[in-house]
Amino acid sequence: MTGTVNTEKIGKLGFGYMRLPRINGEFDYKQINKMADDFLASGGTYFDAAYVYEGAEIAFRESVVKRHPRDSYTIATKLPIGMISDDMPAEKIFNTSLERLGVDYVDFYLLHGINSAGNTQAEEKGAWKFAADMKAQGKIRHVGFSFHGYCEDLDDILTKHPETEFVMLQINYFDWDREKMNARRLHEIGLKHNVPMVAMEPLFGGKLTSEDSPIADLLKNANKNASLASWALRFVAQLEGVFVTLSGMSTHEQVTDNINTFKDLQPLSADEMSTIDAAVKILRESPRVECTACDYCKDCPVNINIIGLINLYNDHKIHKTTTNLAGSYNFLTNNRGKAHECTACGVCETACPQDLPIIDTIAKVAKLFA
């Protein structure tokens, strides 16, 4: 498989190896193997890992590569642009991924977490050229990138790099018409450039599957036989140009449910779309801390990522869940102040033009992730 992505050869459901089950900190291979086996047996082929997903590439080697023929699956992994340095060149990172995965080539290789600044880094560090060279050598089948930025940046990057064969975008019904993360516009830009799309976060990090969510009863009453996850997956999978809908599955039950959703995949009906619209309206109107991300609070004496933690708290408050939020918290506090380190000095609240209860909000985040 070289050149243009042959999307017909790839199952519509993708298996993300980011959130695999563990027992006492160790991968639960008995369950993981069953999950991978059932996924492959259902016709799924696309697995997603990354150099920076702890243990994911090795887990893929153990559960899939050692147990299934090479032509039965495709594997995507990612190059962390920020880690490239003289001591850690792209080639070393890539070869480490190949060794961990136990493969001779990668089907889909992504420049990881690209936005405007990230793309500038990728260009300056020669990441695009490196990926092209590896493709020429047959070690990469398809080159793309995962995107985390503003819509205009996506358009600019795809214009600058027409060699992009696929792109990974965050698309879900909650983000579809969201002001700062407009998934509809991202999708339109992908179509404009005629680049196949992998949809990540279709369940919004699992938050759209919360049984305690204010929309759970609405969706269940609309179809008692449909899982909360199925609504979100079907919304994304029906979109033109999306060839894989990626789900970071962490239990065998989730794999089974997702397989059933994709077994006889049907587009959402007009009535179902109206239900989705009603669900989004409920979520949009849910109480939250109305942060405008103006960044006046940036000069925190203990270097807390205030805007990031407020957004994290809002996700919890709106969706009534902490599902997968611990990873986001760890990311937001990596080399930054922890929520419990807030001294309540008041510098942030003095600077905030919205008079937000920042100290109280950070204290609530500290309790969530104590």
Point to revise | Test side-chain contact (heavy atoms from CB on, under 4.5 Å) applied to Trp176 and Val280, step by step | key: CA-CA 9 Å; Trp176 190 242; Val280 172; over 6 Å; no

Exercise for review: Give the cluster check for Ile358 versus Val347: same hydrophobic cluster or not, with ILVMFWY residues linked at side-chain heavy-atom distances below 4.5 Å.
Suggested key: no

Exercise for review: Show your reasoning for whether side chain to side chain donor-acceptor pair (under 3.5 Å) applies to Gln254 and Ser247.
Suggested key: CA-CA 9 Å; Gln254 290 175 0; Ser247 177; 5.9 Å; no

Point to revise | Heavy-atom check, side chain of Leu79 versus side chain of Ile93, under 4.5 Å | key: yes

Check your understanding: Hey, what's the ring geometry for Phe39 with Phe47, parallel, tilted or perpendicular (30° and 60° as the breaks)?
Key -> perpendicular

Exercise for review: Please report the closest heavy-atom contact between Ile84 and Lys125, naming both atoms and the distance.
Suggested key: O-NZ, 3.0 Å

Check your understanding: Ion pair present between Lys192 and Asp155, side-chain N to carboxylate O less than 4.0 angstrom?
Key -> yes

Practice item. Could you check if a side-chain atom of Thr275 sits within less than 4.5 angstrom of a side-chain atom of Trp231, using non-hydrogen atoms only? Key: yes

Point to revise | Hydrophobic cluster identity match, Ile359 and Tyr329, side-chain contacts under 4.5 Å | key: no

**Study point:** Side-chain heavy atoms of Ser146 within contact of Leu111, under 4.5 Å
**Key:** no

Revision key, fill the gap. Interatomic distance, CD1@Ile318 vs CD@Glu285, rounded to 0.5 Å, equals 11.5 Å

Check your understanding: Is any NZ, NE, NH1 or NH2 atom of the basic residue among Asp37 and Arg67 found under 4.0 Å from an Asp or Glu carboxylate oxygen of the other?
Key -> yes

Review point. Cut-off 3.5 Å, side chains only: do His142 and Asp107 have a donor facing an acceptor?
Key: no

Check your understanding: How far apart are the closest heavy atoms of Leu186 and Gln170, and which atoms are they?
Key -> CD1-O, 4.1 Å

Check your understanding: Are Tyr296 and Leu356 connected in the hydrophobic side-chain network, where two residues link if heavy atoms are under 4.5 Å apart?
Key -> no

Check your understanding: Could Lys281 and Asp277 be called an ion pair, given the rule that one side-chain N must be under 4.0 Å from one carboxylate O?
Key -> no

Exercise for review: Cation-pi check, Arg185 to Tyr150: give yes when NZ or CZ is under 6.0 Å from the six-membered ring centre and within 45° of the ring axis, no otherwise.
Suggested key: no

Review point. For Asn182, does its backbone N or O pair with a side-chain atom of Asp175 as donor and acceptor, under 3.5 Å?
Key: no

Point to revise | Side chains of Thr77 and Glu57, donor plus acceptor under 3.5 Å | key: yes

Point to revise | Where Gln354 and Glu290 come nearest, the two heavy atoms and their spacing | key: CG-O, 4.5 Å

Practice item. Tell me, yes or no, whether the heavy-atom count around Gln137 atom CD, taken from other residues, nucleotides or ligands under 6.0 Å, exceeds 12. Key: yes

Review point. So with a 6.0 Å cut-off around CD of Glu163, is the heavy-atom count from everything else above 12?
Key: yes

Exercise for review: Return yes if some donor-acceptor pair links the side-chain N/O of Ser286 with the main-chain N/O of Ile282 below 3.5 Å, else return no.
Suggested key: yes

**Study point:** Between Thr120 and Glu124: side-chain donor-acceptor atoms closer than 3.5 Å
**Key:** no

Point to revise | Student check: side-chain heavy atoms of Leu325 and His316 closer than 4.5 Å | key: yes

Practice item. Please determine, by modelled atom types, if Ser63 and Asn33 share a side-chain donor-acceptor pair under 3.5 angstrom. Key: no

Check your understanding: Within 45° of the six-membered ring axis of Tyr105 and under 6.0 Å from that ring's centre, is NZ or CZ of Arg141 located there?
Key -> yes

Practice item. Examine the side chains of Glu123 and Asn119 and answer whether a donor and an acceptor come within less than 3.5 Å of each other. Key: yes

Review point. Hey, any chance Met88 and Phe130 share a hydrophobic cluster, counting ILVMFWY side chains that come within less than 4.5 Å of each other, even indirectly?
Key: yes

**Study point:** Within-4.5 Å side-chain heavy-atom neighbours: Phe235 and Asn172
**Key:** no

Check your understanding: So, the side chain of Glu272 versus the backbone of Ser269: is there a donor-acceptor pair under 3.5 Å, distance only?
Key -> yes

Review point. Can you name the one residue among Asp360, Thr361, Ile362 that meets side chain to side chain contact (heavy atoms under 4.5 Å, CB included) with Lys364?
Key: Asp360

Review point. Is there a donor-acceptor contact under 3.5 Å from the side chain of Asn115 to the main chain of Gly118?
Key: yes

Review point. Would you say the side chains of Gln266 and Asp264 form a donor-acceptor pair under 3.5 Å?
Key: yes

Review point. Can you tell me how far the OG atom of Ser116 sits from the CD1 atom of Ile157, to the nearest 0.5 Å?
Key: 6.5 Å

Review point. Between the main-chain N or O of Arg336 and the side-chain N or O of Thr333, is there a donor-acceptor pair closer than 3.5 Å?
Key: no

Study note, to complete from the structure: Here the pair of heavy atoms bringing Asp38 nearest to Ile259 is O-CD1, 3.5 Å

Review point. Is it true that a side-chain atom of Gln238 and a backbone atom of Leu268 form a donor plus acceptor pair closer than 3.5 Å?
Key: yes

Practice item. Answer yes if the side chains of Asp212 and His319 hold a donor-acceptor pair under 3.5 Å, and no otherwise. Key: no

Exercise for review: Return the orientation label for the Tyr53 and His112 ring planes: parallel under 30°, perpendicular over 60°, tilted otherwise.
Suggested key: perpendicular

Check your understanding: Donor-acceptor pair, Lys78 side chain versus Tyr51 backbone, under 3.5 Å?
Key -> no

Exercise for review: Please report the closest heavy-atom contact between Leu110 and Phe145, naming both atoms and the distance.
Suggested key: CD2-C, 3.7 Å

Exercise for review: Under the side-chain contact (heavy atoms from CB on, under 4.5 Å) rule, what do Lys66 and Arg61 come out as? Steps first, then yes or no, please.
Suggested key: CA-CA 6 Å; Lys66 287 185 176 181; Arg61 180 187 70 211; 4.2 Å; yes

Point to revise | Joint hydrophobic cluster, Ile307 plus Tyr313, side-chain heavy atoms closer than 4.5 Å | key: no

**Study point:** Asp28 side-chain N/O to Pro21 backbone N/O, donor-acceptor pair under 3.5 Å
**Key:** no

Review point. Quick check: does any side chain N or O of Thr164 sit under 3.5 Å from a backbone N or O of Phe166, one acting as donor and the other as acceptor?
Key: no

Review point. Stepwise, does the side-chain contact (heavy atoms from CB on, under 4.5 Å) test hold for Ile114 with Ile81?
Key: CA-CA 8 Å; Ile114 295 295; Ile81 303 303; 3.8 Å; yes

**Study point:** Close side-chain approach of Leu283 and Ser213, heavy atoms under 4.5 Å
**Key:** yes

Exercise for review: Go through Leu154 and His193 one step at a time and tell me if the side-chain contact (heavy atoms from CB on, under 4.5 Å) criterion holds.
Suggested key: CA-CA 10 Å; Leu154 177 63; His193 289 270; over 6 Å; no

Review point. Would you say the side chain of Leu233 lies within less than 4.5 Å of the side chain of Leu203, judging by non-hydrogen atoms?
Key: yes

Check your understanding: Leu239 and Ile171: which non-hydrogen atoms are nearest, and at how many Å?
Key -> CD1-CG2, 3.7 Å

Practice item. Report yes or no: is the cationic atom of Arg284 (NZ for Lys, CZ for Arg) under 6.0 Å from the centre of the six-membered ring of Phe174, at an angle within 45° of the ring normal? Key: yes

Practice item. Measure from NZ or CZ of Arg234 to the centre of the six-membered ring of Tyr173, then state whether that distance is under 6.0 Å and the direction lies within 45° of the axis. Key: no

Review point. Would you call His161 and Trp128 a side-chain contact if the rule is heavy atoms closer than 4.5 Å?
Key: yes

Check your understanding: Do you know which of Tyr17, Phe15, Phe27, Tyr46 makes ring-ring contact (aromatic ring centres under 6.0 Å, His included) with Phe60?
Key -> Tyr17

Review point. If you round to the nearest 0.5 Å, how far is CG of Asp217 from CG of Leu228?
Key: 9.5 Å

Check your understanding: Distance-only, no hydrogens or angles: does the Asn95 side chain make a donor-acceptor pair with backbone N or O of Glu91 under 3.5 Å?
Key -> yes

